[in-house]
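Heads up: the structure comes next, in structure tokens.
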Amino acid sequence: MDNQNVLAVIAGEEITQKDVDALIAALPKEQQAYASNEHFRNQCLEQIITVHLFAKLGEEMQLEETDAFQDNLAHAKREILAQMAVGEAMKDIAVTEEETKEYYKANENQFMAGETVHAKHILVDEEDKCQEILEKIVAEEITFEDAAKEFSTCPSKQQGGDLGAFTRGQMVKEFEDAAFAAEIGHIVGPVKTQFGYHLIKVEDKKDAQASVYEDVADTIKNIILQQKRNDVYGNKVAELKEKYVTK
């Protein structure tokens with residue numbers, strides 16, 4: 001073994017980078033994101049070392065000779081064998097491109113993209129100020145975008161108040177209702193929300209429409225894959241019950 005990969009030695013047993021990588025691979029995805037962080041890897045190493053230390057203590061205490069150890073060992077063996085057997089039963093399951101396209105065509109209504117609004121806004125603290133800005137825009141003393149840059153307290157002011165496109169449920173209700181009700185090119189407001197008073201300018205609207213196949217192909221593949229796994233699992237359980245269950 002390459003000694004450069006050995007991170008610690010506990011009673012003659014080597015702990016390597018591979019051991020740390022294996023521990024991290026078994027962690028939730030959000031924790032795996034820190035895999036390259038040195039401090040995080042050191043924490044994982046300490047965890048492995050601690051397990052080895054207590055295992056050595058257990059050996060010294062001869063816990064392997066107890067009934068509790070034997071029961072736990074038998075349970076662990078059964079769990080590992082079951083997991084590996086399930087893996088073997090599932091390993092050949094695959095989903096073809098043809099299957100995903102057929103599913104998409106048959107269930108197109110499940111993959112509807114909600115209606116969207118593309119809007120800009122100006123946010124201020126006081127209703128009177130909001131009304132004053134609106135009057136300046138209507139009188140063409142200033143454009144909506146320049147007013148946003150000058151007066152708005154929202155970070156979107158840097159983009160002339162542009163919030164981009166959004167669907168229902170992404171904004172607070174008062175803002176959402178006003179934006180979806182407004183006509184393209186029109187300015188509505190003042191609209192009061194928990195953040196203050198808004199002027200809203202709708203740039204574009206799109207009705208709900210079917211999602212493009214390419215955008216949902218992976219989702220469909222996972223749906224079909226899970227369905228196939230459930231079928232294989234259920235059939236295998238029924239087969240094994242018939243073979244092994246006697247009562």
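- Residues Glu174 and Lys192 form no side-chain contact, since every pair of their non-hydrogen atoms from C-beta on lies 4.5 Å or further apart.
- Between His198 and His121, the ring-plane angle classifies as parallel under the 30° and 60° cut-offs.
- A donor-acceptor contact shorter than 3.5 Å links the side chain of Arg41 to the backbone of Ala35.
- Put simply, the side chain of Glu99 gets close to the backbone of Thr96: a donor and an acceptor are under 3.5 Å apart.
- Enclosure of atom CD in Gln110 by more than 12 non-hydrogen atoms of other residues, nucleotides or ligands within 6.0 angstrom is indicated.
- Dense packing is recorded around NZ of Lys228, with more than 12 heavy atoms of other residues, nucleotides or ligands lying under 6.0 Å away.
- Residues Glu176 and Met171 share a closest heavy-atom pair of OE1-O, 3.9 Å.
- Contact annotation: the side chain of Glu183 never approaches that of Val202 to less than 4.5 Å [non-hydrogen atoms, C-beta and beyond].
- More than 12 heavy atoms of other residues, nucleotides or ligands lie within 6.0 Å of NZ in Lys205, so this atom counts as buried by the packing criterion.
- Between Phe180 and Phe166, the angle of the ring planes goes over 60°, which puts this pair in the perpendicular group of the 30/60° scheme.
- Between Lys77 and the options Ile80, Leu73, Leu81, a side chain to side chain contact (heavy atoms under 4.5 Å, CB included) holds for only Leu81.
- Leu163 places a side-chain heavy atom less than 4.5 Å from the side chain of Phe175.
- When the shell of 6.0 Å around CG of Asp207 is examined, it contains 12 or fewer heavy atoms from other residues, nucleotides or ligands.
- Between Val86 and Met90 the shortest side-chain heavy-atom distance falls below 4.5 Å.
- In this structure, the side chains of Ile137 and Ile122 come closer than 4.5 Å at one or more pairs of heavy atoms.
- The closest donor-acceptor contact from the side chain of Lys157 to the backbone of Ser152 lies under 3.5 Å.
- Between the side chain of Glu64 and the backbone N or O of Glu59, no donor-acceptor pair lies under 3.5 Å.
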(Q) Pair Gln47, Thr50 - check side-chain contact (heavy atoms from CB on, under 4.5 Å), show working. (A) CA-CA 5 Å; Gln47 182 178 338; Thr50 300; 5.7 Å; no
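- For the residue pair Asp162/Gln159, the side-chain donor-acceptor check at 3.5 Å is not satisfied.
- Of the possible polar contacts, one joining the Asp19 side chain to the Thr16 backbone as a donor-acceptor pair under 3.5 Å is found.
- Looking only at side-chain heavy atoms (C-beta outward), Phe151 and Lys136 come within less than 4.5 Å of each other.
- A heavy-atom distance below 4.5 Å is not found between the side chains of Phe111 and Asp215.
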Q: Please lay out, stage by stage, how Asp128 and Glu132 fare under the test side-chain contact (heavy atoms from CB on, under 4.5 Å).
A: CA-CA 6 Å; Asp128 289 345; Glu132 181 182 329; over 6 Å; no
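- Proximity of Gln83 to Glu79: side-chain heavy atoms (C-beta onward) are separated by under 4.5 Å at one or more points.
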Q | Step-by-step side-chain contact (heavy atoms from CB on, under 4.5 Å) determination, Phe40 to Ile24 | A | CA-CA 10 Å; Phe40 179 71; Ile24 292 175; 4.1 Å; yes
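- Within the 3.5 Å criterion, the main-chain N or O of Thr167 finds a donor-acceptor partner in the side chain of Gln170.
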